[in-house]
Colleague: 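To start, I am sharing the structure in question, which I have written as structure tokens.
Naming convention: chains lettered A, B, ... in sequence-line order (proteins, then strands); numbering from 1 in each chain.
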Amino acid sequence: MRDIIGDAMTETSFAGRVSRWYEQHARDLPWRRPEVSPWAILVSEVMLQQTPVVRVVPAWQAWLERWPTPAALAGSSPAEAIRMWGRLGYPRRAVRLHECATAIVERHGGAVPDRLEHLLALPGVGTYTARAVAAFAYGQRHPVVDTNVRRVVCRAVAGEPDAGPTTRPADLVAAEELLPAEPAAAALASAAIMELGAVVCTARSPRCDACPVESTCAWRASGRPAPAGPTRRPQRYAGTDRQVRGLLLGVLREATGPVPHQRLDQVWADDVQRARALAGLVTDGLVEPVGETSFRLIGDGPPAPVAG
DNA sequence: CAGACGTGGTC
DNA sequence: TGACCAAGTCT
């Protein structure tokens, strides 16, 4: 491991201490095994967008068993992708991942691209995911900044209790400045900082006694001040269109093929809100109408016959 | 740039 | 019990 950490990173540098801690304490997550493909890593990163690790692990394994390559997924229907997604949440991610697989086949001959520019052009792949794939699958030196990294850097370097709600260019710069020069060591350091934020430097109840950079943490040095105010708007769910969409999709996911609207009507009493939620699912490419009175998951069966 | 977008676990 | 939180992306 000394070779990976490299000469440019000293034992006492921030990245060096976190990386050594990571080598000893990292969770044994399946997508971190050395033999996993770039596609498997991409799938894990998409699933991990806003979904906890414990729920992703079994879904990731089942998904890759069924679709080990982008071409395999592209050969199935979007409906099957939505079903396989199960209850991970934000099912539009399943549709985007299917679109992503198709784009990888069409634009890159079925191989996950290794250039940031090409990764960013894929559906469902944004700033975080593109950099995560470039770094973790291809060993490139890019700052990989998610909510964990922002929180760790914000606390340890700036001494502030919490980072902003979104990743800004300044966050990428701040993270990049912590990375060692050698690409493989930089990728390791990014994974290590993320892990630190996930299991030690958590949003609630951080475990500073277990932290490898506790001695130089600016936030701890200033007495771990609490956030000034509410850092972000609460995300309500009960009674929202999102809840209704979830209920509608639950019915369509369990069914095979078209579902009469009468069955969908039973999931929510408010006609206006239910209709709006269903229309939203259609607009977002998750659901399609079949004839005048039924709906189904997108691509769930043969195309509707065209008049003429 | 604020808001939409699922789901389930924790304190 | 309800608010908060979990490896974001897109519009």
Colleague: With a non-hydrogen cut-off below 4.0 angstrom, is A:T167 in contact with a base, only sugar-phosphate, or nothing?
Modeller: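 A:T167: no heavy atom of the nucleic acid under 4.0 Å.
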
Colleague: Roughly how many Å is it from CD in A:Q273 to P in B:dC5, rounded to a whole number?
Modeller: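 That distance rounds to 10 Å.
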
Colleague: Between P on C:dT9 and CD on A:E99, what's the gap in Å once rounded to a whole number?
Modeller: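 Whole-Å distance recorded here is 15 Å.
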
Colleague: Take atom P in C:dC4 and the same atom in B:dG3, then report the distance between them in whole Å.
Modeller: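 That atom pair is separated by 15 Å.
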
Colleague: Under 4.0 Å between a side-chain N/O of A:R245 and OP1 or OP2 of B:dG6, yes or no?
Modeller: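 True: A:R245 side-chain N/O within range (under 4.0 Å) of B:dG6 OP1/OP2.
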
Colleague: If you measure from CE on A:M194 to CG on A:L48, what distance do you get to the nearest 0.5 Å?
Modeller: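 Atom-to-atom, A:M194:CE and A:L48:CG are 7.5 Å apart.
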
Colleague: Rounded to the nearest Å, what distance is computed from the CG atom of residue A:D171 to the C1' atom of nucleotide C:dG8?
Modeller: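 Distance check: A:D171 CG to C:dG8 C1' gives 14 Å.
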
Colleague: Counting only side-chain N and O atoms of A:T51, is one of them less than 4.0 Å from OP1 or OP2 of B:dT7?
Modeller: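 False: A:T51 side-chain N/O out of range (4.0 Å or more) of B:dT7 OP1/OP2.
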
Colleague: When you measure from the side-chain N and O atoms of A:R151 to the phosphate of C:dA6, is any distance below 4.0 Å, counting only OP1 and OP2?
Modeller: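 For A:R151, the contact criterion (side-chain N or O under 4.0 Å from OP1 or OP2 of C:dA6) is met.
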
Colleague: Does the side chain of A:Y90 come under 3.5 Å of the side chain of A:R242 through a donor N or O and an acceptor N or O?
Modeller: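 Checked: A:Y90/A:R242 side chains pair up, N/O donor to acceptor below 3.5 Å.
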
Colleague: So how far is it from A:L64 CG to A:S37 OG, rounded to the nearest 0.5 Å?
Modeller: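 So the gap between those two atoms works out to 6.5 Å.
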
Colleague: Using whole Å, report how far CG of A:L172 lies from C1' of C:dG8.
Modeller: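 So the two atoms are 13 Å apart, to the nearest Å.
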
Colleague: Remember a base hit wins even if backbone is also touched, and classify A:G89 as base, sugar-phosphate or nothing at under 4.0 Å, heavy atoms.
Modeller: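 It contacts base atoms.
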
Colleague: Is A:Q50 close enough to C:dA6 that one of its side-chain N or O atoms is under 4.0 Å from OP1 or OP2 there?
Modeller: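 No.
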
Colleague: Looking only at atom C1', what distance separates C:dA7 and B:dA2, rounded to whole Å?
Modeller: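 My reading of the C1' atoms in C:dA7 and B:dA2 gives 22 Å.
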
Colleague: Does the pair A:R274/A:D271 count as a salt bridge with the N-to-O cut at 4.0 Å?
Modeller: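 Salt bridge present between A:R274 and A:D271.
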
Colleague: Using heavy-atom distances to pick each residue's nearest nucleotide on DNA chain C, tell me which of A:G124 and A:R204 is more 5'.
Modeller: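 The residue mapped nearer the 5' terminus is A:R204.
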
Colleague: Reckon A:S205 touches a base, only the sugar-phosphate, or nothing at all at heavy-atom distances under 4.0 Å?
Modeller: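 It contacts nothing in the nucleic acid.
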
Colleague: For A:L248, report the nucleic acid contact type (base, sugar-phosphate, nothing); a contact means any heavy atom under 4.0 Å.
Modeller: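 It contacts nothing in the nucleic acid.
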
Colleague: For a quick check of understanding: with a heavy-atom distance under 4.0 Å over all strands, which category does A:R96 fall into, base, sugar-phosphate or nothing?
Modeller: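 Sugar-phosphate contact only.
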
Colleague: Name the stems that DNA chain B belongs to, where each is three or more consecutive Watson-Crick or G-U pairs with both distances under 3.5 Å?
Modeller: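 Counting only runs of 3 or more consecutive pairs, the stems involving DNA chain B are B:2-5 with C:8-11, B:7-10 with C:3-6.
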
Colleague: In whole angstrom, give the distance that lies between atom CG of A:L48 and atom P of C:dA6.
Modeller: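 Roughly 13 Å, once rounded to whole Å.
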
Colleague: Among A:R151, A:R155, A:R224, A:R204, which one satisfies salt bridge (Lys or Arg N to Asp or Glu O under 4.0 Å) with A:D162?
Modeller: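 The single option meeting the salt bridge (Lys or Arg N to Asp or Glu O under 4.0 Å) with A:D162 is A:R155.
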
Colleague: Could you give the distance from CG (A:L264) to NE2 (A:H261), rounded to the nearest 0.5 Å?
Modeller: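 It comes to 9.0 Å.
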
Colleague: May I ask you to say what A:R27 touches in the nucleic acid, namely base, sugar-phosphate or nothing, with a heavy-atom cut-off under 4.0 Å?
Modeller: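 Answer is base: heavy atoms of A:R27 come under 4.0 Å of a base.
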
Colleague: Looking at every strand, decide which applies to A:V149 at a 4.0 Å heavy-atom threshold: base, sugar-phosphate, or nothing.
Modeller: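 No contact.
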
Colleague: Among the candidates C:dC4, B:dG8, C:dT9, find the nucleotide nearest to the side-chain atoms of A:R87.
Modeller: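 For A:R87, the side-chain atoms sit closest to B:dG8.
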
Colleague: Side chain of A:L29, heavy atoms from C-beta onward: which of B:dG9, C:dA7, C:dT9 has the nearest atom to it?
Modeller: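 The closest nucleotide is C:dA7.
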
Colleague: Starting at atom CE of A:M47, determine the distance to atom P of B:dG6, rounded to an integer number of angstrom.
Modeller: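 Rounding to the nearest Å, CE of A:M47 and P of B:dG6 are 16 Å apart.
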
Colleague: Between A:P123 and A:A198, name the one whose nearest nucleotide on DNA chain C is closer to the 5' end.
Modeller: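 Upstream on the strand: A:A198.
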
Colleague: Rounded at 0.5 Å granularity, tell me how far CG in A:L196 sits from CH2 in A:W21.
Modeller: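 Rounded to the nearest 0.5 Å, the CG-CH2 separation comes out at 5.0 Å.
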
Colleague: What's A:L88 touching, base or sugar-phosphate or nothing? Going by heavy atoms closer than 4.0 Å.
Modeller: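 A:L88: base contact, heavy atoms under 4.0 Å.
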
Colleague: Measure from the side-chain N and O atoms of A:R93 to the backbone N and O of A:V46, and report whether any donor-acceptor pair falls under 3.5 Å.
Modeller: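 Between the backbone of A:V46 and the side chain of A:R93 there is a qualifying donor-acceptor contact (under 3.5 Å).
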
Colleague: Nearest to the side chain of A:A203 - C:dA7, B:dG6, C:dC5?
Modeller: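 Looking only at side-chain atoms, A:A203 lies closest to C:dC5.
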
Colleague: Closer to the 5' end of DNA chain B via nearest nucleotide, is it A:P91 or A:R168?
Modeller: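 Between the two, 5'-proximity favours A:R168.
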
Colleague: Charged N to carboxylate O under 4.0 angstrom, A:E195 versus A:R32?
Modeller: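 Looking at A:E195 and A:R32, the cut-off is met.
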
Colleague: Among B:dC5, B:dT7, C:dG8, find the nucleotide with the atom closest to the side chain of A:Y237.
Modeller: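 Side chain of A:Y237 sits closest to B:dT7.
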
Colleague: Is the phosphate of B:dT7, meaning OP1 or OP2, less than 4.0 Å from a side-chain N or O of A:R253?
Modeller: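 Answer is yes, contact under 4.0 Å.
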
Colleague: Could you state the CZ-C1' distance from A:R131 to C:dA7, rounded to the nearest angstrom?
Modeller: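 The distance from CZ of A:R131 to C1' of C:dA7 comes to 15 Å, rounded to the nearest Å.
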
Colleague: CG of A:D284 versus P of B:dG3: gap in Å, rounded?
Modeller: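 Answer to the nearest Å: 19 Å.
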
Colleague: Does the base of B:dT7 carry an N or O that pairs as donor and acceptor with the side chain of A:R55 under 3.5 Å?
Modeller: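 Between B:dT7 and A:R55, which were checked side chain against base, a qualifying N/O pair under 3.5 Å is present.
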
Colleague: Any donor-acceptor pair under 3.5 Å linking the side chain of A:R253 with the backbone of A:G86?
Modeller: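 Yes, A:R253 side chain to A:G86 backbone: donor-acceptor pair under 3.5 Å.
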
Colleague: Where the side chain of A:V53 is defined as all heavy atoms beyond and including C-beta, which of B:dC5, C:dA7, C:dC5 is the nearest nucleotide?
Modeller: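 When the side chain of A:V53 is considered, C:dA7 is the closest of B:dC5, C:dA7, C:dC5.
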
Colleague: Measuring only the P atom in each nucleotide, how far is C:dA6 from B:dC11? A whole number of Å is fine.
Modeller: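 Rounded to whole Å, the distance is 12 Å.
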
Colleague: By nearest atom, which of the nucleotides C:dG8, B:dC5, C:dC5 is closest to the A:D146 side chain?
Modeller: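 It is C:dG8.
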
Colleague: Any base atoms under 4.0 Å from A:T240, or only sugar-phosphate, or nothing? Heavy atoms, all strands.
Modeller: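 No contact at all - A:T240 keeps every heavy atom at 4.0 Å or more from the nucleic acid.
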
Colleague: Please classify the nucleic acid contact of A:W85 as base, sugar-phosphate, or nothing, using heavy-atom distances under 4.0 Å.
Modeller: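 Since no nucleic acid heavy atom lies under 4.0 Å of A:W85, the category is nothing.
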
